[in-house]
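To start, the structure itself, in structure tokens.
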There are 2 protein chains.
Amino acid sequence: MATPDRPGFALPLLLLAGFRTLIDDLHAELARQGHPELRPAHGFVLQAVGVDGTTASELGQRLGVSKQAAGKTVDRLVALGYLERADDLADARRKLVRVTERGLDGLRRSAVVFDELRDRWAATLGPERVAALEDDLRTVASANFFRLDVPGWFGG
Amino acid sequence: MATPDRPGFALPLLLLAGFRTLIDDLHAELARQGHPELRPAHGFVLQAVGVDGTTASELGQRLGVSKQAAGKTVDRLVALGYLERADDLADARRKLVRVTERGLDGLRRSAVVFDELRDRWAATLGPERVAALEDDLRTVASANFFRLDVPGWFGG
DNA sequence: ACTATTTGGTCAACCACGTTGACTACCCTA
DNA sequence: TAGGGTAGTCAACGTGGTTGACCAAATAGT
């Protein structure tokens with residue numbers, strides 16, 4: 001083998017596989033529960049919009065993409081009924097983006113499914129090792145300045 | 001907060017953030033080392049092609065995408081000089097896809113950078129916790145039938 | 001040996017998701 | 001009131017994926 005069988009290669013592959021499995025399982029379950037159009041990226045967008053709502057520009061900043069990209073994503077999610085737009089009474093330039101009741105339903109169901117998936121990991125690994133895994137990732141995150149503090153992602 | 005602040009939400013976010021940080025750091029370094037056009041997806045494609053080469057159809061199967069998508073990705077990587085096509089002497093339908101010397105260079109440098117990044121994680125976390133983290137992810141992987149055994153990904 | 005089927009590659013149309021650049025409408029401040 | 005920054009949108013484009021259709025070559029089954 002030319003080069004890839006080095007220790008460092010395992011880490012990104014395992015992180016990606018773990019993430020993808022979680023997300024794939026989530027969306028298979030969400031499809032069963034009445035949200036077949038919800039795609040992996042949408043969850044992060046709904047999270048980033050948050051219960052207080054936001055604007056396309058701010059959403060772009062939160063997600064690390066351009067305001068144009070954020071605007072197009074909002075368009076799609078509005079078309080699917082997960083987001084809605086409203087005028088800002090105080091500033092006629094701004095258009096508020098809010099999560100609809102359907103969007104909240106998807107978010108709620110995601111939370112439940114994620115909890116169940118985490119329980120399944122805990123059943124295999126043991127609860128303390130799952131917690132240790134999260135702690136370790138969080139440690140690396142803070143050491144390397146991950147962007148985990150994005151507003152709206154965890155509960156802002 | 002509506003729903004997201006539940007324990008299960010932390011896991012996917014941490015896995016994604018960890019993966020993205022690793023990949024972002026890798027490509028920043030690769031850009032510095034003469035591979036600015038190499039995008040995150042390309043590494044997986046080069047890995048999947050492997051030193052023995054393959055065909056577009058087989059590549060699609062390995063990556064879990066259609067043969068058309070694989071073909072277009074090969075087109076782009078051929079244009080960038082990372083892959084090359086050749087006729088199959090034994091089967092006139094097949095077109096062999098092979099990694100070029102430039103492709104191998106990118107793969108080799110990726111391996112080195114990944115090793116260095118893993119060392120940085122080990123410096124923060126301690127080597128035994130990085131190993132434990134990998135073990136845990138591997139355990140969950142085998143329990144949940146991850147697709148880590150994709151040919152070419154680890155060194156097939 | 002000759003059909004019939006499977007397989008590999010490609011073309012076309014389309015969609016999701018991102019980019020930059022240009023432009024309008026609006027707010028704010030000197 | 002004139003200027004500058006900000007919010008949103010439009011257009012053009014790139015990338016990475018999808019389906020469906022199609023042809024040519026290999027293979028299987030009489």
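All chains are named by letter (A, B, ...) in the order of the sequence lines, taking the proteins before the strands, and each is independently numbered beginning at 1.
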For Glu37(B) and dG16(D), give me the distance from atom CD to atom P, rounded to whole Å. 13 Å

Listed nucleotide nearest any side-chain atom of Lys95(B), set dT19(C), dG9(C), dC17(C): dG9(C)

Quick one, Ile23(A) and Phe114(A) - any side-chain contact, counting heavy atoms below 4.5 Å? yes

Can you see if the side chain of Arg94(A) gets near the phosphate of dC27(C) - specifically, an N or O under 4.0 Å from OP1 or OP2? no

Pairs involving residues 79-106 of chain A, ordered by first then second residue, that meet ring-ring contact (aromatic ring centres under 6.0 Å, His included) (sequence neighbours left out): His35(A)-Tyr82(A)

Rounded to the nearest angstrom, tell me the gap between atom CG in Leu63(A) and atom C1' in dG18(C). 12 Å

Any idea which heavy atoms bring Leu38(B) and Gly106(B) closest together, and the distance? CD2-CA, 4.3 Å

Within the 4.0 Å heavy-atom criterion, would you say Ser57(A) contacts the bases, only the backbone, or no part of the nucleic acid? sugar-phosphate

At their closest point, which heavy atom of Leu15(A) faces which heavy atom of Leu137(A), and how far apart are they? CD2-CD2, 4.0 Å

Rounded to whole angstrom units, what separation is found between the CG atom of Leu80(B) and the P atom of dG16(D)? 9 Å

Check ion pair Glu116(A)-Arg120(A) (N to O, under 4.0 angstrom): no

Closer than 4.0 Å, any side-chain N/O of His42(B) to the OP1 or OP2 of dT15(D)? no

For dT18(D) and Ser66(B) - does any side-chain N or O of the residue sit under 4.0 Å from the phosphate oxygens OP1/OP2? yes

Using whole Å, what does the distance between atom C1' of nucleotide dA16(C) and atom CG of Leu77(A) come to? 11 Å

Neighbours of DNA chain C within residues 81-92 of chain B, by heavy-atom distance under 4.0 Å: Arg85(B)

Sequence neighbours left out, what passes side chain to side chain contact (heavy atoms under 4.5 Å, CB included) with Ser57(B)? Give chain and number order. Thr55(B), Lys67(B)

Round to the nearest Å and state the distance from Gln61(B) atom CD to dG9(C) atom P. 11 Å

Would Glu101(A) and Arg108(A) count as a salt bridge (Lys or Arg N to Asp or Glu O under 4.0 Å) here? Give the steps. CA-CA 10 Å; Glu101(A) 185 43 50; Arg108(A) 264 180 241 121; 3.2 Å; yes

Under the ring-ring contact (aromatic ring centres under 6.0 Å, His included) definition, can you give me all pairs with a residue in residues 83-103 of chain A, not counting sequence neighbours? none

Note: contacts of residues 68-76 of chain B with DNA chain D (heavy atom, under 4.0 Å) are Gln68(B), Ala69(B), Lys72(B), Thr73(B), Arg76(B)

Can you tell me the distance, in whole Å, between the CZ atom of Arg93(B) and the C1' atom of dC23(D)? 12 Å

Sequence neighbours left out, what pairs pass ring-ring contact (aromatic ring centres under 6.0 Å, His included) with at least one residue falling in residues 83-108 of chain B? none

Just how far, in rounded Å, is P of dG8(D) from CD of Glu58(A)? 9 Å

